[in-house]
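Step one of this worksheet: look at the structure below.
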Amino acid sequence: MLQMHGKGLRNALLHISRPMTKQMRCCVTVAYCYAAPSGDRIPLPMSLSSRIAQLLKEQPLGRTVTIQGWIRTRRDSKGFSFLEVNDGSCVANLQVIAEESLPRYQEEILRLTTGCSVRISGRLAASPAKGQAVELQAAEVEVYGWADPETYPLQKKRHSFEFLREIAHLRPRTNSLGAVARVRSALSFAVHRFFQEQGFQYIHTPIITTSDCEGAGEMFTVTTLDLSNVPRKDGRPDFSEDFFGRQANLTVSGQLEAEIYCLALGNVYTFGPTFRAENSNTSRHLAEFWMVEPEMAFCDLAQDMQVAEAFIKYLVRYVQEHCPEEIELFSNFVDKRLKGRLAAVLEHDFARITYTEAIEQLKGCGKTFNFPVAWGTDLQSEHERYLCEEVFKRPLIVTDYPKSIKPFYMRVNDDNATVAAMDILVPGLGEIIGGSQREERYDKLLGRLEEMGLNPEDYNWYLDLRRYGTVPHAGFGLGFERLIQFVSGMANIREVIPFPRTPGSAAL
RNA sequence: UCCUGGGUAGCUCAGUCGGUAGAGCAGGUGACUGUUAAUCACCCUGUCGGGGGUUCGAAUCCCUCCCCGGGAGCCA
């Protein structure tokens with residue numbers, strides 16, 4: 001299951017184009033090599049052993065294979081032991097039968113515990129017992145590393161996610177966090193595949209930036225100034241002495257920079273980390289998170305919404321097709337209603353409602369909310385949940401918000417009161433996508449900057465895009481971790497990113 | 001940051017009216033067994049989040065700080 005592209009593929013090709021060493025030939029012939037029938041996969045030197053995912057899928061009975069991985073559990077029987085090995089390639093373990101006649105059975109195999117790393121060779125056979133179709137009859141067991149059961153934190157029982165969070169360096173060895181990692185990887189690839197199939201260009205927008213995507217929250221400053229002796233001017237830090245000669249920050253969004261390339265290449269997208277220094281302590285906020293931001297030229301809000309809906313459906317379908325075991329695991333242990341919810345996303349069109357209609361509906365529904373409902377104020381979480389989960393019961397797109405509560409770059413509608421904005425809400429999570437048609441009219445944009453008290457000088461380059469060859473364009477931002485939460489059912493966003501960064505917490 | 005609920009064995013938790021701490025799992029030993037969250041018996045395990053206070057006596061009551069969950073705000 002080696003799907004390679006980009007740099008990895010290039011390296012592999014470099015490898016192969018050189019004369020094969022004796023060792024490499026040995027690897028390729030010794031290993032049970034699942035060479036792709038399609039011929040587009042290249043055997044790599046490290047395919048010395050089989051991946052368990054592939055063995056369970058192809059079940060090459062009678063063949064001698066080698067696996068490498070970590071012991072999940074050992075059960076002893078009369079004259080032999082059952083070892084369950086997981087190598088991270090899939091949810092399932094491979095059951096190994098280790099007879100007592102094996103060398104070092106007493107001294108080593110009977111000492112194997114959860115977490116030990118091993119290399120095992122043997123013959124793959126049909127399993128006589130229930131619970132698994134195939135098993136490995138070990139001929140050779142080599143222990144790479146022990147895991148003292150007195151101190152190894154992971155046990156062969158379920159742990160709380162809160163506990164696992166404290167051992168970020170070990171938690172990917174669990175079923176659920178390993179599954180999340182594979183789903184995250186699959187979805188990352190699917191994001192690129194969706195856009196590449198549609199002819200979008202992938203743009204690397206800067207992580208260190210000097211522009212502020214207004215309205216996207218507090219920023220982290222990037223500095224090499226001596227913090228114990230900050231140079232000051234008029235009482236404030238003098239960033240002219242800093243590394244970049246001016247204040248620089250970690251990006252909160254790649255959108256503004258993406259617009260530059262959108263207005264040159266047509267359809268583009270960014271996919272990278274973003275940083276927000278907000279003191280947000282919730283199950284769906286991170287200080288460092290990944291965002292997907294397509295930006296499309298010659299595109300209005302209606303088309304923007306069509307792309308966003310197609311995108312979400314594509315990703316849901318992709319994960320259903322490519323990670324069925326992971327989805328099964330999440331359905332059984334994380335969220336019982338997950339599979340039904342994902343199926344429902346594909347079955348129905350997303351619901352659509354304008355902000356003004358939403359306000360009317362909320363006012364007339366007879367329900368009392370903690371926060372008052374009034375045109376001109378932002379929809380509160382409870383309002384969004386009510387509309388999405390109780391009224392429509394499916395993903396909901398809310399459009400045309402009052403311009404007073406939205407950033408300067410959103411296109412003002414003809415009513416001069418609302419902007420061409422849209423938020424996509426999903427049940428259980430809330431906002432997963434926020435997007436808009438951008439203001440492409442120079443005068444209107446300038447007016448909006450001034451109206452909001454921003455200095456047009458700071459946005460000169462952004463205004464240039466409207467001065468010269470402006471075109472209607474639109475885009476949106478998708479919170480990648482929220483997407484993973486949505487397709488996995490994981491309740492807390494800290495579980496869907498390998499190393500979560502939140503206020504007061506940045507382990508590793 | 002605000003509201004709210006928590007912090008007790010390696011993990012998940014119970015702990016009555018304030019009287020000096022317990023269960024399941026994990027771990028150890030043994031038995032049994034094509035087992036699969038194996039089973040059975042026995043054994044081991046504690047700074048009761050930190051600090052301070054009230055009291056003859058505090059896991060328990062009070063103050064304070066730290067950390068975690070849920071909800072809210074901000075947003076993706």
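Naming: A, B, ... by sequence-line order, numbering from 1 per chain. Hydrogens, waters and symmetry mates are skipped; everything else that's a heavy atom, side chains included, is used.
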Show me, pair by pair, the donor-acceptor contacts under 3.5 angstrom made by side chains of residues 498-505 of chain A, not counting sequence neighbours?
from, atom 1, to, atom 2, distance (Å)
R501(A), NE, F499(A), O, 2.9
R501(A), NH2, A507(A), O, 2.4
R501(A), NH2, L508(A), O, 3.0

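- Identified under the ring-ring contact (aromatic ring centres under 6.0 Å, His included) test for residues 51-83 of chain A, with sequence neighbours left out: F80(A)-F82(A).
- For an aromatic pair to be called close, the ring centres must be under 6.0 Å apart, and F408(A) with Y459(A) satisfies this.
- Rounded to a whole angstrom, the distance from the C1' atom of G51(B) to that of U47(B) is 13 Å.
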Going by atom type alone, with no hydrogens or angles, which donor-acceptor pairs under 3.5 Å involve a side-chain atom of residues 473-480 of chain A and a protein atom two or more places apart or on another chain?
from, atom 1, to, atom 2, distance (Å)
H473(A), ND1, V471(A), O, 2.9
H473(A), NE2, E259(A), OE1, 2.7

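- Among residue pairs with one or both ends in residues 83-105 of chain A, none qualify as ring-ring contact (aromatic ring centres under 6.0 Å, His included); sequence neighbours excluded.
- Across all strands, I97(A) comes closer than 4.0 Å to base atoms (heavy-atom distances).
- Identified under the ring-ring contact (aromatic ring centres under 6.0 Å, His included) test for residues 365-389 of chain A, with sequence neighbours left out: Y355(A)-W375(A), F369(A)-H383(A), F369(A)-Y386(A).
- Taking the P atoms as reference points, C62(B) lies 14 Å from U16(B), given to the whole Å.
- A search for ring pair (Phe, Tyr, Trp, His ring centres under 6.0 Å) contacts involving H204(A) returns Y202(A), not counting sequence neighbours.
- Helical stems of RNA chain B (runs of at least 3 Watson-Crick or G-U pairs, donor-acceptor distances under 3.5 Å) are listed by first residue: B:1-7 with B:66-72, B:10-13 with B:22-25, B:27-31 with B:39-43, B:49-53 with B:61-65.
- By the salt bridge (Lys or Arg N to Asp or Glu O under 4.0 Å) test, R284(A) pairs with no residue at all, sequence neighbours left out.
- Two rings, from F195(A) and F311(A), have their centers less than 6.0 Å apart.
- Nucleic acid contact for N93(A): none, since no nucleic acid atom lies under 4.0 Å from a heavy atom of the residue.
- Across the P atoms, G53(B) and A58(B) are found 12 Å apart, a figure rounded to whole Å.
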Anything under 3.5 Å between a protein N or O and an N or O of nucleotides 9-11 of chain B, put it in a table, one pair a line.
from, atom 1, to, atom 2, distance (Å)
G10(B), N2, Q155(A), OE1, 3.0
G10(B), N2, Q155(A), NE2, 3.1
G10(B), N3, Q155(A), NE2, 3.0
C11(B), O2', K157(A), NZ, 3.3
C11(B), O2, K157(A), NZ, 2.4

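- If you take atom P in C61(B) and the same atom in C2(B), they sit 24 Å apart, rounded to whole Å.
- Remark: the separation of the C1' atoms in A9(B) and G5(B) is 23 Å, to the nearest Å.
- Legend: salt bridge (Lys or Arg N to Asp or Glu O under 4.0 Å) pairs involving residues 151-160 of chain A, not counting sequence neighbours: none detected.
- Counting only residues at least two apart or on different chains, the salt bridge (Lys or Arg N to Asp or Glu O under 4.0 Å) pairs with a member in residues 95-109 of chain A are R104(A)-E108(A).
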Produce the list of close N/O pairs, under 3.5 Å, pairing protein atoms with atoms of nucleotides 69-73 of chain B; give distances to one decimal.
from, atom 1, to, atom 2, distance (Å)
G69(B), OP1, R165(A), NH1, 2.0
G70(B), OP2, N492(A), ND2, 3.4
A72(B), N6, N281(A), O, 3.2
G73(B), OP1, Q380(A), OE1, 2.8
G73(B), OP1, S381(A), N, 3.0
G73(B), N2, N279(A), O, 3.0

